[in-house]
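To keep things clear, I will list the structure first and then write my remarks on it.
Since the model is a prediction, treat every value here as computed from it, not as a measurement. Reminder, nothing fancy here: chain letters follow the sequence lines and each chain counts from 1.
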There are 4 protein chains.
Amino acid sequence: MSADPQTPLRADAQRNRDQIIAAARAIFAEHGPEVPMEEIARAAGVGVGTLYRRFPDREALIRAVAVDNFTRVRDDARAASAEEPTCWSALVRLLYQSVDLQLSIQLAMLSIRAYEILREDPTIVALREDLLTEVESLVTGAQQEGHLRTDVGAGDVAMLFALLLRRIPSRKKHIAEMSTARNVAIMIDGLQSHPGTELPGHPLGRDDIH
Amino acid sequence: MSADPQTPLRADAQRNRDQIIAAARAIFAEHGPEVPMEEIARAAGVGVGTLYRRFPDREALIRAVAVDNFTRVRDDARAASAEEPTCWSALVRLLYQSVDLQLSIQLAMLSIRAYEILREDPTIVALREDLLTEVESLVTGAQQEGHLRTDVGAGDVAMLFALLLRRIPSRKKHIAEMSTARNVAIMIDGLQSHPGTELPGHPLGRDDIH
Amino acid sequence: MSADPQTPLRADAQRNRDQIIAAARAIFAEHGPEVPMEEIARAAGVGVGTLYRRFPDREALIRAVAVDNFTRVRDDARAASAEEPTCWSALVRLLYQSVDLQLSIQLAMLSIRAYEILREDPTIVALREDLLTEVESLVTGAQQEGHLRTDVGAGDVAMLFALLLRRIPSRKKHIAEMSTARNVAIMIDGLQSHPGTELPGHPLGRDDIH
Amino acid sequence: MSADPQTPLRADAQRNRDQIIAAARAIFAEHGPEVPMEEIARAAGVGVGTLYRRFPDREALIRAVAVDNFTRVRDDARAASAEEPTCWSALVRLLYQSVDLQLSIQLAMLSIRAYEILREDPTIVALREDLLTEVESLVTGAQQEGHLRTDVGAGDVAMLFALLLRRIPSRKKHIAEMSTARNVAIMIDGLQSHPGTELPGHPLGRDDIH
DNA sequence: GATGAATGAGCATTCATTCAT
DNA sequence: CATGAATGAATGCTCATTCAT
């Protein structure tokens with residue numbers, strides 16, 4: 001009836017759209033993707049009607065939030081890749097950053113339902129491919145640098161990221177954050193090149209984690 | 001396991017109770033703690049009424065499943081402690097086992113709602129204390145053995161456990177399991193005594209993670 | 001299958017039956033006829049099964065309680081009639097007594113549902129007829145004595161009774177009881193022979209109130 | 001009437017609200033306050049959802065209906081007070097009118113549950129106070145006029161009202177109405193100043209009936 | 001016969017989505 | 001276009017009644 005991806009939205013409509021995504025981001029991160037649509041609308045300062053005009057159903061909203069997030073992560077990956085002196089340090093930076101990106105792939109990983117929604121979406125699949133390409137090159141590079149253990153693949157790293165995106169509830173926010181940072185550090189140590197445990201199975205590649 | 005302040009349940013009733021918990025365990029692990037009660041009843045092969053007779057509401061069921069799971073984890077911890085030659089190997093075994101315990105503390109960690117329900121329950125709080133006591137002694141022991149890095153506390157290990165208890169959805173179950181096992185191995189390497197990254201903050205103790 | 005009105009119940013079964021009716025009486029009076037059957041069973045100190053063996057469904061129980069009560073009221077009416085010196089004083093005594101009989105016809109008058117159940121029951125219809133016959137003769141007698149205003153019929157008196165059987169909730173039980181007694185007294189004064197308000201309509205007879 | 005702290009309702013919403021209250025009034029009067037919400041919605045010509053949007057639960061609906069009714073009774077009392085030549089005739093008119101107000105305080109008096117709900121509601125408590133103030137002044141006035149017996153208080157009159165608000169089920173609506181009118185007349189005669197029965201207890205004041 | 005467990009239909013309430021204003 | 005009202009399907013929970021122990 002109206003969806004015309006070409007026509008750019010009017011300024012105020014675009015503002016609404018952005019507010020909605022921002023609100024949904026925050027609320028999804030806090031309470032998961034099942035919160036009442038009305039609550040999201042309220043948080044965004046609009047009526048439900050407006051929300052539904054912009055996003056025909058919950059799926060569409062989840063998809064939009066996911067696109068928004070994947071884009072950020074991909075851009076972070078590219079930035080890290082471009083700005084850091086070594087692939088290893090780029091990887092390390094990324095892992096730490098993922099802590100702040102909170103929600104991020106969380107949506108994709110958190111609930112079966114969301115996972116299935118996103119798995120189908122071509123935009124998201126494409127973003128994911130981009131991201132994996134970045135990670136893959138960092139992994140290979142860091143292994144050649146001698147920093148990263150050679151028995152891991154890009155898939156392994158992606159999976160570690162995914163673990164970290166999970167916010168563990170805690171009464172003390174401060175502790176929760178510190179704990180995540182510590183976990184990242186432990187993982188980084190576990191990833192470094194050194195004689196350690198032998199990993200079971202085989203290095204996970206991009207295709208393993210689809 | 002099931003504390004029995006009243007008359008012990010009739011044989012058939014006990015069987016039903018067990019079936020319900022088993023079904024709820026499986027379904028919670030798969031779909032989270034919000035699945036329709038009716039679905040749980042169906043999976044357990046009973047009517048909703050029966051489910052509600054045994055567990056007056058969803059909270060009660062969540063609590064019961066959690067008690068069941070915490071008990072298993074605690075018992076595993078004790079067994080590992082008793083049977084393994086070193087504290088370190090007991091810890092390692094526990095970490096690997098947690099992979100199989102799936103759900104376990106997952107409930108507690110997964111959804112804010114469940115977390116809040118369980119945080120109040122005295123039985124569960126007690127089980128948690130027991131478990132932390134075990135982990136604490138393993139951590140101290142493994143540090144004295146020289147296997148475990150000394151800048152971590154029982155709280156850090158508990159948090160790592162919690163991360164792993166999150167099942168990451170994947171189309172290929174096989175890969176999902178392998179990935180978790182590999183993640184565990186990487187973490188174990190990250191935990192070993194060796195010059196590595198300096199951890200931010202301070203070692204997390206039992207009180208930090210309440 | 002078993003209901004054999006002839007075979008007298010075994011002693012213990014009869015005791016159960018009586019306990020159930022007594023419990024139901026009390027609970028119906030307090031909370032109306034919709035209380036859970038289980039609650040009644042508990043108050044009677046038996047299992048639900050026993051309750052249902054004795055009374056195949058709620059209707060049957062309501063009927064039994066009503067029969068029990070109507071019988072008491074009828075017997076009270078007969079006793080008053082036999083023992084009091086005048087018909088008027090017998091009527092007065094009855095009105096006051098109805099206050100104590102609490103529940104009594106309340107069931108019949110209270111809820112549409114109960115009313116319809118009881119209207120069909122031959123035993124109850126018969127008891128009601130007996131009662132009206134008594135009242136009718138008291139009314140006529142009291143009018144001949146010159147105590148009772150002549151523009152009322154047995155139906156009017158029955159309706160006044162019905163009003164009084166309604167327990168008005170109040171925090172202060174003491175006040176509730178006093179108030180009912182005072183209301184009765186006011187009504188009695190209103191019934192006495194004396195030039196007063198002209199009553200609308202016509203004297204209500206037994207057939208008017210069916 | 002409907003206090004309007006927020007934005008006034010949209011025209012259609014207000015119409016719905018009124019229809020719902022009217023429907024609830026009628027149905028509560030007929031079947032008591034436990035009827036299925038769906039039935040009320042149907043009678044009001046709206047979906048359940050609409051009903052729940054306006055009244056978050058059954059309690060809220062009961063409260064709203066009660067406010068509506070108490071307001072009418074209070075307004076009737078004021079009108080009678082203003083328009084009738086004597087306090088006595090105002091009282092008499094009120095007693096007769098209460099017959100038509102059917103439901104009115106019935107809700108408050110009928111079921112324990114409703115009673116408890118309403119006892120807490122400040123709006124209703126205030127309305128009740130207003131009403132009692134009116135009645136009190138009529139009672140005093142009528143006593144000074146020499147029409148009303150002096151051994152009754154406003155509380156006694158209120159309790160008589162309450163009795164009359166109880167609709168007695170009957171197959172013949174016509175008779176039921178006539179009977180109530182006759183009962184009122186009898187009570188009025190009972191209330192008139194004349195040597196009659198001595199009332200037990202003491203005159204009930206406004207505080208006695210809380 | 002008594003008990004209390006099991007069943008499932010029924011009602012309260014919530015929330016995604018549609019549509020009148 | 002934005003809003004928030006209306007709808008009704010979905011789901012939690014209760015309770016009358018039946019039936020295994």
| field | Residues L61(D), V65(D); criterion side chain to side chain contact (heavy atoms under 4.5 Å, CB included); working and verdict | value | CA-CA 6 Å; L61(D) 179 57; V65(D) 172; 4.3 Å; yes
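- The OH-C1' distance, from Y52(D) to dG4(F), rounds to 21 Å in whole Å.
- With rounding to whole Å, L51(D) atom CG is found 15 Å from dA5(F) atom P.
- Residue R53(C) has no polar side-chain atom (N or O) positioned under 4.0 Å from OP1 or OP2 of dT3(E).
- For dT7(F), one of the phosphate oxygens OP1 or OP2 lies less than 4.0 angstrom from a side-chain nitrogen or oxygen of T50(D).
- One atom, CD1 of I20(B), and another, P of dA5(E), lie 12 Å apart when rounded to the nearest Å.
- Comparing G47(D) and D57(B) by the nucleotide of DNA chain F that holds the closest heavy atom to each, the one mapping nearer the 5' end is G47(D).
- Residues F55(B) and R17(B) meet the side-chain proximity criterion, which asks for heavy atoms closer than 4.5 Å.
- Atoms CD1 (I40(C)) and P (dT17(F)) sit 11 Å apart, rounded to a whole Å.
- Put simply, the residue from L127(C), T123(C), V67(C), I62(C) that forms a side-chain contact (heavy atoms from CB on, under 4.5 Å) with L118(C) is I62(C).
- In this structure, the CD atom of E59(D) is 14 Å from the C1' atom of dT13(E), given to the nearest Å.
- Sequence order on DNA chain E of the closest nucleotides to G49(D) and V46(B) puts V46(B) first from the 5' end.
- Phosphate proximity of dA2(E) to R54(C): present, with a side-chain N or O under 4.0 Å from OP1 or OP2.
- In this structure, the CZ atom of R42(A) is 10 Å from the P atom of dC15(E), given to the nearest Å.
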| request: Any chance you could encode DNA chain F as dot-bracket? Rule is Watson-Crick or G-U wobble with both distances under 3.5 Å; [ ] for pairs crossing earlier ones, | for another strand. | output: .||||||||||||||||||||
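- Residues N16(C) and L51(C) are not in side-chain contact: their nearest non-hydrogen atoms beyond the backbone lie 4.5 Å or more apart.
- Judged by distance alone, the side chains of R25(A) and N69(A) do bring a donor and an acceptor atom under 3.5 Å apart.
- The line from CD1 of I124(D) to CG of D68(D) is 10.5 Å long, rounded to the nearest 0.5 Å.
- Classification of E38(B) and R42(B) as a salt-bridged pair fails, no side-chain N sitting under 4.0 Å from a carboxylate O.
- Residue M37(B) contributes atom CE, which lies 6 Å from atom P of dC13(F) at whole-angstrom precision.
- For the OP1/OP2 pair of dA5(E) and a distance below 4.0 Å, the side-chain nitrogens and oxygens of N16(B) include no atom meeting the criterion.
- Computed from coordinates, the F55(B) CZ to dA6(E) P distance equals 11 Å when rounded to whole Å.
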